[in-house]
Amino acid sequence: MRPPQRSTSAPASRRAAPRPRRSSQEDFLADVLAGLARRPPSLPSRYFYDGRGSRLFQWITNLPGYYLTRVEREILEAHADEVVAPLRGRPCTVVDLGAGDGHKTVLILRALAGPGAALVYAPVDVSPAALAEACRGVAAAVPGVAARPVRATWATALERLAADGGDEAARLVLFLGSSIGNLEHEEARGVLRGLRRALRPGDHVLVGFDLVKPLEVLRGAYDDPQGLTRAFNLNLLARMNRELGADFDLGAYRHVATWDPERPAMESWLESTRAQSVHLGPRTVRLAEGERIQTEISCKYTPAQLGAFAADAGFAEVARYADARGWFVDALWRVAP
Ligand code: AVJ
């Protein structure tokens with residue numbers, strides 16, 4: 001995840017000549033090679049979400065052990081009206097960062113929709129399949145909402161949002177599912193600051209944070225007996241074979257989920273079951289037997305951390321909504337005037 005960049009408005013004559021844009025394939029290969037050169041080797045988790053990966057994640061959200069989606073839906077079912085209360089009655093754009101299938105967003109949009117409500121739904125996702133699904137689901141469930149899908153990374157979407165000065169609609173940015181947990185804390189602070197800079201006084205954000213909880217619950221969420229999380233993890237290798245012409249032997253890696261009590265975070269790994277070489281673009285990467293590639297961190301938070309994230313980025317906390325067991329929090333923040 002690259003940090004979001006501030007968009008500048010220098011006159012065209014003073015702007016530097018545009019750098020030749022690398023293709024997304026070149027970015028993918030460069031990110032993969034950089035990650036595999038680290039110790040321990042790692043791969044950026046945002047590459048999980050090609051069409052197949054997005055579908056696998058959607059299946060994961062229906063697993064009995066993957067509580068995150070279910071408890072956040074419970075929170076939004078109970079509190080969507082309160083969440084949208086500061087925005088009701090004004091033209092509003094709901095920006096959905098990492099929209100996935102958009103099911104939870106429907107609860108927010110329904111609470112905002114009504115006769116005469118000027119409501120725009122702007123899902124942001126790198127997967128065209130996920131965007132199409134989100135727009136289809138929302139159009140069917142919430143009549144009268146205009147869909148404006150944005151196929152982009154979070155950083156690019158925030159740059160566009162910052163540049164979107166002519167639009168007077170209030171913004172509600174949804175950053176749900178504890179997607180923020182995939183970032184190290186410093187990166188998360190960078191994304192939240194970028195989000196703050198892209199917004200105007202009166203805009204709101206709703207950020208989902210998965211909280212620290214008993215370890216057996218966490219393990220059940222990230223290592224399911226059905227093997228879907230394993231398939232999700234291995235799809236990253238399959239995607240590199242498909243898109244980068246790599247030759248990962250999918251049968252020679254196993255999915256491992258570990259708990260890091262320091263961060264704290266669940267971590268996902270692909271463990272090489274034998275010594276092997278992989279050919280990737282110009283390079284040969286060697287892996288020892290038992291060597292692990294880190295593919296994801298999913299940070300877990302304590303309630304005390306949430307206020308610090310808001311304050312650091314320059315947001316004012318409006319409210320926190322939790323589920324009955326206190327497993328998950330959706331935090332509503334406002335851009336203070
Ligand atoms: C979509 C990033 C919130 O970290 O819990 C699910 C992805 N990884 N199972 C998470 C995921 C393994 C998920 N997020």
Side-chain angles (χ1 to χ4, degrees), residues 1 42-76 96-105 123-127 129-131 133-134 153-154 174-185 187-188 191-192 206-213 215-239 253-260 263-271 292-301 323 327-331:
M1 176 82 212
S42 62
L43 293 166
S45 56
R46 69 189 170 102
Y47 290 112
F48 276 137
Y49 303 95
D50 65 349
R52 199 178 137 69
S54 296
R55 198 162 51 242
L56 281 164
F57 175 64
Q58 201 186 326
W59 290 341
I60 287 173
T61 65
N62 291 318
L63 284 171
Y66 195 77
Y67 61 86
L68 289 84
T69 312
R70 212 162 22 251
V71 297
E72 194 176 40
R73 197 180 304 130
E74 174 192 322
I75 292 169
L76 295 179
D96 201 354
L97 292 180
D101 62 21
H103 284 172
K104 287 175 292 193
T105 313
V124 178
D125 206 295
V126 290
S127 157
L131 284 176
E133 163 110 24
T153 60
W154 298 336
L174 305 178
F175 195 9
L176 301 180
S178 205
S179 297
I180 194 170
N182 283 170
L183 306 176
E184 299 284 1
H185 295 325
E187 290 176 292
V191 168
L192 293 173
L206 187 68
V207 191
F209 291 95
D210 193 25
L211 302 183
V212 173
K213 60 182 61 59
L215 195 47
E216 59 283 9
V217 179
L218 291 169
R219 286 199 193 282
Y222 291 93
D223 198 0
D224 58 292
Q226 294 83 352
L228 279 183
T229 309
R230 174 181 177 276
F232 177 69
N233 205 0
L234 280 166
N235 178 56
L236 192 47
L237 301 183
R239 182 181 182 184
Y253 295 86
R254 59 185 202 99
H255 167 71
V256 179
T258 57
W259 171 243
D260 169 15
R263 241 189 228 103
M266 286 301 295
E267 303 175 316
S268 290
W269 307 84
L270 287 164
E271 185 180 291
R292 290 175 179 178
I293 303 169
Q294 184 169 76
T295 52
E296 188 179 47
I297 62 166
S298 299
C299 292
K300 305 304 166 190
Y301 302 90
D323 58 299
W327 279 5
F328 198 99
V329 164
D330 276 329

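We count ligands from 1, going down the list as the structure has it; atoms in each ligand are counted the same way.
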* Asked: Between Ser268 and Asn233, is any side-chain donor less than 3.5 angstrom from a side-chain acceptor?
  -> no
* To do: Indicate the atoms forming the closest heavy-atom contact of Thr153 with Val124, along with that distance.
  =>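 Where Thr153 meets Val124 most closely, the heavy atoms are O-CG1, 4.3 Å.
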* To do: Would you check if Asp50 and Asn235 make a side-chain contact, meaning some heavy-atom pair closer than 4.5 Å?
  => yes
* **Leu174 and Lys104, any side-chain heavy atoms less than 4.5 Å apart** =>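 No - every pair of side-chain heavy atoms lies 4.5 Å or more apart.
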* Test side-chain contact (heavy atoms from CB on, under 4.5 Å) applied to Val212 - qualifying residues, sequence neighbours left out -> Pro264, Lys300, Thr302
Can you give me a line-by-line list of nitrogen or oxygen pairs between ligand 1 and the protein shorter than 3.5 Å?
{"residue": "ligand 1", "atom": "4 (O)", "partner": "Asn182", "partner atom": "ND2", "Å": "3.4"}
{"residue": "ligand 1", "atom": "4 (O)", "partner": "Ser298", "partner atom": "OG", "Å": "2.7"}
{"residue": "ligand 1", "atom": "5 (O)", "partner": "Tyr66", "partner atom": "OH", "Å": "2.6"}
{"residue": "ligand 1", "atom": "5 (O)", "partner": "Tyr222", "partner atom": "OH", "Å": "2.5"}
{"residue": "ligand 1", "atom": "8 (N)", "partner": "Glu296", "partner atom": "OE1", "Å": "2.7"}
{"residue": "ligand 1", "atom": "8 (N)", "partner": "Glu296", "partner atom": "OE2", "Å": "3.2"}

* Asked: Do Phe328 and Tyr301 have ring centres separated by under 6.0 Å?
  -> no
